[in-house]
Undergrad: 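Please read through the structure below; I'll follow up with questions.
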Amino acid sequence: MSTLIHNGTLVTASETFDADVLIDDSGQISAIGRDLSAPNAERVDACGGLILPGGVDPHTHFELPMFGTVSSDDHYTGHKAAAFGGTTTAIDFINQDYDSLKDCVDAWHKKAGDKAAIDYSFHMNIVNFNEQVAKEIPLLKEEGITTLKIFTAYNGVLRIDDSSIFKILRIAGEHNMLTLLHAENGDVIETLVEEALAEGHTSAEWHALTRPSWGAGDAILRVAGMAHAADASLYIVHMNTAIGADMLKYARERGAKVMGETCPPYLFFTIDHMRQTDGAKWICSPPMRSEADNLRLWQAVERGEMQTIATDHCPFFFDGTQPIDYEGEQIAIPGKELGVGDFTKIPNGLPGVGDRLPVMWTEGVVKGRITPNQFVAMTSTNPAKIFGMYPRKGALLPGSDADIVIWNPERKVKYGVEMAHHRTDYNLFEGWELKGYPEKVFLRGKLIVDGDKWLGERGGGEFIKRKEGEVL
Ligand code: URP
Ligand code: ZN
Ligand code: ZN
């Protein structure tokens, strides 16, 4: 059965115009135009609202093992929360847990396949590099994985040395793959953490105090330099600092193929939030910084110096000893309480996959910092282009998947843990008054969110084999 969405205004990354959208029974957009005639189609009234391409979140961690526990949203619960917030595609990160990269990919498929409720894909973390891995990296493209993540922090766990980074960049460059960088200075962090613990500093704020912001700046500049020398493209994930934004701009102005992503919490919160009694709620890496950093990151977003807004969704319970009700079941998963008395044991990560669009609409569009088109570009179209899914995703075009959000720019909500649908016991935006919210969300033409009703299903999401992406 085809579907005709009418009485709405389309917002794309570049245009805003009134039109109907016709969706064919295969779940693709078949036509866009005024007063489309489709007598046999089911008619959906957008009620004068906006019609946006579904959000694309290029950075999530569902069911990620960490510090003896696991991030509390899996590929079903996290996807459901994403959909309620208007996101219809998410890209997760595969752990390099086995010698063969293919085995790592298969393990992540096993974890996600039956649960996925929106469309999804994977990036591959490279935390051990050797000849065998070097040979296997290009083969990932056959699996639809065209992106790698590397780390300059988490010494002894995830970090790799500069010579491995350079070799990976060269392989990625040769094969038109994109390398994602977690940019902090691992050696400085290791030294400062040892000293802080020896001096008896155990509270949450020390997580930020032991990870100086210049570490992001030096890592971005250093690896951007290597990427330039390797003729490779680079994408800096979860950018949290002014100096990082400056280094991104510096590198781009000099012709390095570097792009950047920030996440909403870095635009609003600071180390002062980590000084509160519930400061562990804000612990993630890299950490919250200062108001000056918030402002510089906003500037980078407004000016288009930053290409995407993602979430780095990696939630943990604040108090994992107390169950919450989730779909009628009592669920408790060990979380931030594991680090009471030692900030280094607090699982790193924040909820956010459902928050991204509603928070960025209110704080970005309603407050006049970005246009609706910039909003669509940064939360949907740019990630789809950079990560090789455009125009199947991130677009309202004939032939695109009908991943569509009917957005009500007038709907006011008091946001928080209840509305967010994340499987955790807190939300960083608790009590915020938001204006603008999804009314209906379609995944490949199927209505999966209708107001407050969940119509999606486990296993309803499809793995997207990605192509080579674009450098924006
Ligand atoms: O604290 C975070 N961000 N946890 C997830 C892992 C990462 O580095 O992105
Ligand atoms: Zn990271
Ligand atoms: Zn992450």
Side-chain angles (χ1 to χ4, degrees), residues 57-74 78 82 90-97 108 120-127 147-160 165 178-186 189 193 204 206-208 210-211 213 215-216 219-220 223 234-241 244 259-266 269 271 273-274 279-289 308-318 335-336 338-339 343-353 355-356 383 387 422 424 428:
D57 188 343
H59 192 154
T60 64
H61 302 277
F62 299 124
E63 213 180 337
L64 178 70
M66 192 191 296
F67 298 4
T69 184
V70 70
S71 61
S72 61
D73 266 322
D74 64 23
I91 315 181
D92 209 69
F93 290 79
I94 303 174
N95 273 5
Q96 195 186 359
D97 288 334
W108 233 253
Y120 64 103
S121 188
F122 302 141
H123 307 287
M124 182 75 226
N125 284 350
I126 303 292
V127 301
T147 44
L148 314 166
K149 184 181 179 191
I150 55 169
F151 299 79
T152 57
Y154 301 110
N155 283 11
V157 191
L158 303 175
R159 180 180 171 190
I160 51 174
I165 289 178
L178 175 64
T179 306
L180 283 59
L181 174 69
H182 176 120
E184 293 186 284
N185 188 317
I189 293 167
V193 166
W206 284 89
H207 177 73
T210 53
R211 309 178 92 90
S213 55
I220 290 169
V223 182
L234 184 70
Y235 174 96
I236 319 297
V237 291
H238 45 47
M239 291 185 63
N240 64 328
T241 61
M259 298 170 278
E261 154 199 294
T262 191
C263 310
Y266 299 128
F269 304 118
I271 187 172
H273 292 89
M274 298 165 70
K281 288 179 180 171
W282 279 269
I283 293 255
C284 66
S285 295
M288 302 302 128
R289 312 256 58 137
T308 70
I309 293 168
T311 62
D312 194 10
H313 178 80
C314 187
F316 295 93
F317 277 53
F318 176 59
K336 304 278 188 183
L338 295 173
F343 70 91
T344 65
K345 296 195 165 57
I346 303 172
N348 286 204
L350 310 177
V353 75
D355 308 335
R356 182 177 66 132
F387 295 105
H422 302 135
T424 185
L428 294 177

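Both counts, for ligands and for their atoms, begin at 1 and track the order of listing.
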Undergrad: Could you tell me whether Arg211 sits above the aromatic face of Tyr154, with NZ or CZ closer than 6.0 angstrom to the six-membered ring centre and within 45 degrees of the axis?
TA: yes
Undergrad: Would you compute the distance between atom CG of Leu338 and atom OG1 of Thr69 and round it to the nearest 0.5 angstrom?
TA: 6.0 Å
Undergrad: Please report whether the ring centroid of His61 lies less than 6.0 Å from that of Phe93.
TA: yes
Undergrad: Which protein N, O or S atoms does the Zn ion (ligand 2) have within a distance shorter than 2.8 Å?
TA: Lys149 NZ, His182 ND1, His238 NE2
Undergrad: State if Tyr154 counts as touching ligand 1 under the rule of any non-hydrogen atom under 4.0 Å.
TA: yes
Undergrad: List the steps, then state whether side-chain hydrogen bond (donor to acceptor under 3.5 Å, both in side chains) holds for His313 with His59.
TA: CA-CA 7 Å; His313 178 80; His59 192 154; over 6 Å; no
Undergrad: What are the atoms of ligand 1, with element, lying closer than 4.0 Å to any heavy atom of Cys284?
TA: 1 (O)
Undergrad: Please tell me whether Thr147 and Tyr235 have a donor and an acceptor in their side chains that are separated by less than 3.5 angstrom.
TA: no
Undergrad: What are the atoms of ligand 1, with element, lying closer than 4.0 Å to any heavy atom of Asp312?
TA: 2 (C), 3 (N), 5 (C), 9 (O)
Undergrad: Ignoring hydrogens and angles, tell me if any N or O in the side chain of Asp74 forms a donor-acceptor pair with the backbone of Phe62 under 3.5 Å.
TA: no
Undergrad: Examine ligand 1 and decide if any of its atoms is less than 4.0 Å from a heavy atom belonging to Lys149.
TA: yes
Undergrad: Heavy-atom distances under 4.0 Å decide this one: backbone, side chain, both or neither, for Asn348 against ligand 1?
TA: both
Undergrad: Under the side chain to side chain contact (heavy atoms under 4.5 Å, CB included) criterion, do Thr344 and Phe67 qualify, and how do the steps go?
TA: CA-CA 9 Å; Thr344 65; Phe67 298 4; over 6 Å; no
Undergrad: Between Thr60 (side chain only) and Ala90 (backbone N and O only), is there a donor and an acceptor less than 3.5 Å apart?
TA: no
Undergrad: Counting heavy atoms only, name the option from His182, Glu184, His59, His61 that's nearest to atom 5 (C) of ligand 1.
TA: His61
Undergrad: Which bit of His207 is near ligand 1, meaning a heavy atom under 4.0 Å away: side chain, backbone, both or neither?
TA: neither
Undergrad: Check all N, O or S atoms of His61 and name the one closest to the Zn ion (ligand 3).
TA: NE2
Undergrad: Are Lys281 and Phe318 in a cation-pi contact, defined as NZ or CZ under 6.0 Å from the six-membered ring centre and within 45° of the axis?
TA: yes
Undergrad: What residue and heavy atom of the protein are closest to atom 2 (C) of ligand 1, and at what distance?
TA: Ser285 O, 3.5 Å
Undergrad: Name the orientation class of the two ring planes belonging to His207 and Phe343 (parallel below 30°, tilted from 30 to 60°, perpendicular beyond 60°).
TA: perpendicular
